[in-house]
4 protein chains.
Amino acid sequence: MARPSRWDDVVRSAARVFRRRGFARASLEEIADELGMWKGSLYNYISSKEDLLVAVVKVPAERLIADVRTIRDGEGTPEEKLRAIVRCHVDVLVDIYDFAAVYLYEAAASDLGEQWRETDREYTSAIQGVVEAGIAAGDFRGDRDPHLMTMTLLGALNWLTRWWNPQGDLGPEAVTDQIADTVIHGFAVPAPVTAQT
Amino acid sequence: MARPSRWDDVVRSAARVFRRRGFARASLEEIADELGMWKGSLYNYISSKEDLLVAVVKVPAERLIADVRTIRDGEGTPEEKLRAIVRCHVDVLVDIYDFAAVYLYEAAASDLGEQWRETDREYTSAIQGVVEAGIAAGDFRGDRDPHLMTMTLLGALNWLTRWWNPQGDLGPEAVTDQIADTVIHGFAVPAPVTAQT
Amino acid sequence: MARPSRWDDVVRSAARVFRRRGFARASLEEIADELGMWKGSLYNYISSKEDLLVAVVKVPAERLIADVRTIRDGEGTPEEKLRAIVRCHVDVLVDIYDFAAVYLYEAAASDLGEQWRETDREYTSAIQGVVEAGIAAGDFRGDRDPHLMTMTLLGALNWLTRWWNPQGDLGPEAVTDQIADTVIHGFAVPAPVTAQT
Amino acid sequence: MARPSRWDDVVRSAARVFRRRGFARASLEEIADELGMWKGSLYNYISSKEDLLVAVVKVPAERLIADVRTIRDGEGTPEEKLRAIVRCHVDVLVDIYDFAAVYLYEAAASDLGEQWRETDREYTSAIQGVVEAGIAAGDFRGDRDPHLMTMTLLGALNWLTRWWNPQGDLGPEAVTDQIADTVIHGFAVPAPVTAQT
DNA sequence: GATGAATGAGGCTTCATTCAT
DNA sequence: CATGAATGAAGCCTCATTCAT
């Protein structure tokens, strides 16, 4: 499916506008304006506004799910894997901020169909798989709900799009380390109390 | 300035529709339909659609900020206070789910003006104050960014509106305890390693 | 037809609002607000918005037509009568400015029905009668169209509502004298040229 | 900034409807109907209803102000200049009746902003300049208020839109001559009385 | 591929008017 | 007479989408 040459520009512009204004508020005219074209011309690239949303959302979704699959199926302790997942998430924000923000905040609100929900479910359950492996290995507490644990991590990560400026003082490494540390220590089985007396 | 009698119904209906469809996608006709009135009649209560959003958002915002102020200024260790903050947040979700979801997902996207941002800032900084007190007391790690810590907690809490069903199997107490435990352990200064050898 | 006690207040308020905003732009709510009542309450006095316009317009219309009839049928030369007509017009502006402005600018735009047009025609033709009497008496030029002469006078007078402030520096007497002089000299048969050589 | 092709049609249609119904009462649907388009399509040409009013009003305003400047700055006695101004005004009514009527009756009622008031002031003061030149030359009476004189002329001219039918029996030349004569004689210093005895 | 105008549905908002209390 | 809520029609405006050039 050979896309016309400016296809990438179109999607990038859509990502920017969707993040800034939200999908519902964004108008195709705004996107066309950014590209210096007329809104009618966009229909040489898409057949509906939703096409654009799907295209935008695909970028971080495919990258994240590929990364998380690789991590899940690769070597390393559950702790190391969680840390790697956090790093991927933060990297995505650094690399393709607009796309990621749209992915996290607009995709759920719009109804992108079954295929979309399936992808989302797989992403979540891949992370949850790591969490459950940690529990099984005795590293993470077994008295917690694994889904809640997974969502706690995802919430902390996704909220970054609301407040974090990747170009600001707090760099990606610090964010990665600190969130990963917090979650890993938060999940960990506590050190035996008897040892401290 | 006594509000007309069905004011509460109007706001409740708006909260429901705004949560379901998002502010931008929601139509006043839908809200009016729920109330069994004509859309024009809504203007006996408001003077714009945004007024409704403000009214909806005010409910959880005022409750949360009042609660968190009380907690911050009250008795207790930082740990106890963080746990109390988590409980309040979860309680709000249980009590006024639609309002809370709108508050967390629509308020930021729409531009509700300076007063709104001020409230939001105060809420965040009240929680951050507790976090910093914990650091000062030596309970929480001093090598972390307090703002990032605060946002990690808020992200985990706010993400609940995306997946948690308060009427489901995982009850409010479990959610409160587990999120609070995760965050508190995640923030805590680790037990001295020497004790374990 | 005994009117309720605040009827006069209602009409006065309507005149004020209609002048300020124009009949079509004016809302009953604005009028009610000025009176400190609710817009629904106005319907204790009227049965439609147009009723208010009719009531407002009636005041200057009846006064002007009565005055002009009296003048036309009274004693005096056509010149004196024209001067008296101008004075009446200016007096109306001084006494009931809002009513007069509405009468002159809103009545024609709205369609107030046949009775209204009849009144308007009679007013015009009464003035035109004076003009024609002046022509017949040899005071005014016979080579002019009497209707155009009449409308020239009325235009000059009615335009006052667009620029003149009765409370300003240029007093009613000056306005009366100068407009009357201009028109009377403008209408007059010129002095024989031969006399000047 | 080439205007789309039907721009002139749109403005002409707007002028017609605005004159017929008044700006406030006119609906965009009516204008669109005249053009055989949908009301939404009008927004390819304008961005608000008021834009249309501005566009309509600009036509006679610019023509009149250009004409009156040329006359003021050209050759001729004040009398000749006043007569030329009257002719321009009447010509505008003949040529672009709808536009002129809207200009005279709707522009003042709507609030078209400072630029508009500035134009109006300049037009008036250009005419007043001619009047004052006539006074200075000793042709027009010095015991009159020049602004009142100017407004007397403008009132007589503008009132034409209320009653005169340019296609009727009373032709443009007659109207021009008679109004100009009336005003000029009305303004003129009276012939010395002594000559007549 | 781009253009620029048109489409047509739908949304927010206003407002004269009604009505039960 | 006043109240205050509701009605229902209509208006302005937006915008995704289409289409002939």
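Just so we're on the same page: letters track the sequence lines, and every chain starts at 1.
Between the CE atom of D:M37 and the C1' atom of E:dA6 there is a distance of 7 Å, given to the nearest Å. Straight-line distance from the CG atom of A:D9 to the P atom of E:dA2: 11 Å, rounded to whole Å. Regarding D:I46, its CD1 atom lies at a distance of 14 Å from the P atom of E:dA5, rounded to whole Å. One can place CG of D:N44 at 12 Å from P of F:dT14, the figure rounded to the nearest angstrom. The nearest whole Å value for the distance from the OH atom in A:Y45 to the C1' atom in E:dT3 is 13 Å. The NZ atom of D:K39 sits 11 Å away from the P atom of F:dC13 (whole-angstrom rounding). When the C1' atom of F:dC13 is taken as reference, atom NZ of D:K49 falls 12 Å away, rounded to whole Å. Regarding C:W38, its CH2 atom lies at a distance of 12 Å from the P atom of F:dA6, rounded to whole Å.
Looking only at side-chain heavy atoms (C-beta outward), D:Y45 and D:M37 come within less than 4.5 Å of each other. By the 4.5 Å heavy-atom criterion applied to side chains, A:Y103 and A:L64 are counted as neighbours. Looking only at side-chain heavy atoms (C-beta outward), C:I46 and C:W7 come within less than 4.5 Å of each other.
Taking the nucleotide of DNA chain E with the nearest heavy atom to each of C:S47 and D:G36, the more 5' of the two is matched to D:G36. In this structure, C:L42 and A:S48 both approach DNA chain F, and ranking their closest nucleotides by distance from the 5' end singles out C:L42.
Side-chain polar atoms of B:S27 and B:R21 form no donor-acceptor pair below 3.5 angstrom.
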Please produce a list of atom pairs where a protein N or O lies less than 3.5 Å from an N or O of nucleotides 19-21 of chain F.
none

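B:Y105 and A:Y105 have their aromatic ring centers within a separation under 6.0 angstrom.
With sequence neighbours left out, D:R117 forms a side-chain contact (heavy atoms from CB on, under 4.5 Å) with D:D111, D:E114, D:R121.
Shown here, E:dA16 forms a base pair with F:dT7; the pair counts as Watson-Crick or G-U wobble because both key distances fall under 3.5 Å. Under the Watson-Crick or G-U wobble criterion, with both distances below 3.5 Å, F:dT21 is paired with E:dA2.
Listed in residue order, the members of residues 11-33 of chain A having a heavy atom less than 4.0 Å from DNA chain F are A:A26, A:S27, A:L28.
Remark: side-chain polar atoms of B:S48 are paired, donor with acceptor, to backbone N or O of B:E50 under 3.5 angstrom. Without hydrogens or angle criteria, A:S13 side chain to A:D9 main chain gives no donor-acceptor distance under 3.5 Å. No side-chain donor-acceptor contact under 3.5 Å links C:Y123 to the backbone of C:E62.
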